[in-house]
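The structure appears right after this line, and notes come after that.
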Amino acid sequence: MSHEAKAEAAAEPGDVFETRLKVYEGQRAAVSRVGKDPVNAPMIRHWCEAMGDTNPAYSGPDAIAPPTMLQAWTMSGLSGHTRGTHAYDELLGLLDDAGYTSVVATDCEQEYLRPLRPGDEITYDSVIESVSAKKTTKLGTGYFVTTRMDIRVGPDLAGTHRFRILKYAPLRRADRPAAGPARRDQSQKPSRPRPVINRDNAEFWEGVQRHRLLIQRCTGCGTLRHPWLPGCNACGGLDWDTVEASGEGTVYSYVVMHHPPFPAFDPPYAVGLIELAEGVRMIGNVLGVPYDKVRIGLPVRLEFREYDEELVLPIWCAQEGAAQEGAAQEGLYEHR
């Protein structure tokens, strides 16, 4: 579409444009697609190893797939799917042409109706369930689009998966507060995103506020777990207490964030999956060492950082001497 056409679409009265969007509600986004692989034991094993889930229900001759793998059996991989409708692409194209060119996934909801077992062949349909009215967010103004996927084994509905995205027009530089001639002070930065606190994890965040890192412990089998859950994924027990983490850990895996930039952060920075001495893993920023010196196995220690009057977050700092040792080893390898 030409620049002039895009400008015309963007100028379309809001109620008329929203009426055009609402036409897509109820239209099919995918029809009778078939999962590229049957439910299978190797994928279940890989998933459980990656998640650290040792529930015996997911192994052995009578194994079932973890319910949260529901979407995994529908994913198309790099080759994509060839069978479907064009309604979803048309809807996104309409939003693109009106200037809502950015997209961010916001949340998903799943409902599990029957367990999936190795050998099950799944089929699924997808429908555009809803398109919201125009919403203004901190990212920009746009529309929330929700799709619902119904996943079946034969005629039986095994589960549903709702996926919601925000298609939005990013804030223009002119719309943002001026930074002034000098670089904005740390105190002037936008506040960091707030954690999502609910009834299942409220006690964890209360502990963080008091500079204590609490780990859930099942009182039935003694299994420690993180993130916090309403029940034990090892024995299914609902009762739990907490133990306080020692604060020692190592980098189990990590990524370096370069893009997209976000006003509250200064890329590049390292985000690590930290394996605590107690055996559970959690995500946090890795500090105390340059981002390009973070390595798997790097010893780290827990600290708490207060970002404003309300927000306290656990972070992980490289232990003294670890950074120098890693740099020396890297230099030795380069010399060789």
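Here, residue 1 is the first one in the sequence, and each next residue gets the next number. Just so you know, these numbers come straight off a predicted model, no measurement behind them.
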* Check step by step if side chain to side chain contact (heavy atoms under 4.5 Å, CB included) holds for Y143 and L95. => CA-CA 8 Å; Y143 296 85; L95 288 163; 3.7 Å; yes

| With a 4.0 Å cut-off, would you call R28 and D125 a salt bridge? |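 Yes, charged N to carboxylate O under 4.0 Å.
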
query = Between E129 and R162, is there a salt bridge with N-O shorter than 4.0 Å?
reply = yes

Quiz question: by atom type and distance under 3.5 Å, do the side chains of Q216 and T242 form a donor-acceptor pair?
no

Under 3.5 Å, is there a donor-acceptor pair between the E90 and Q27 side chains?
no

Legend entry - With Y269 via ring-ring contact (aromatic ring centres under 6.0 Å, His included) - residues at least two apart: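 F265.
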
(message) Using side-chain hydrogen bond (donor to acceptor under 3.5 Å, both in side chains), reason through R164 and T106 one step at a time and then give a plain yes or no.
(response) CA-CA 6 Å; R164 187 172 295 111; T106 62; 5.1 Å; no

Which pair of heavy atoms, one from V208 and one from P314, lies closest together, and at what distance?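 Reported closest heavy-atom pair: CG1-CD, 3.9 Å.
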
Heavy-atom nearest pair, A65 first then V39, reads CB-CG1, 4.1 Å

Q: Check whether the ring centres of F204 and H226 lie less than 6.0 Å apart, and answer yes or no.
A: yes

Query - Single-linkage hydrophobic cluster V153~L157, side-chain heavy atoms < 4.5 angstrom - result: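 V153 does not cluster with L157.
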
Note to self: Would R192 and Y307 count as a cation-pi pair here, with the cationic atom under 6.0 angstrom from the ring centre and within 45° of the axis?
What the structure shows: yes

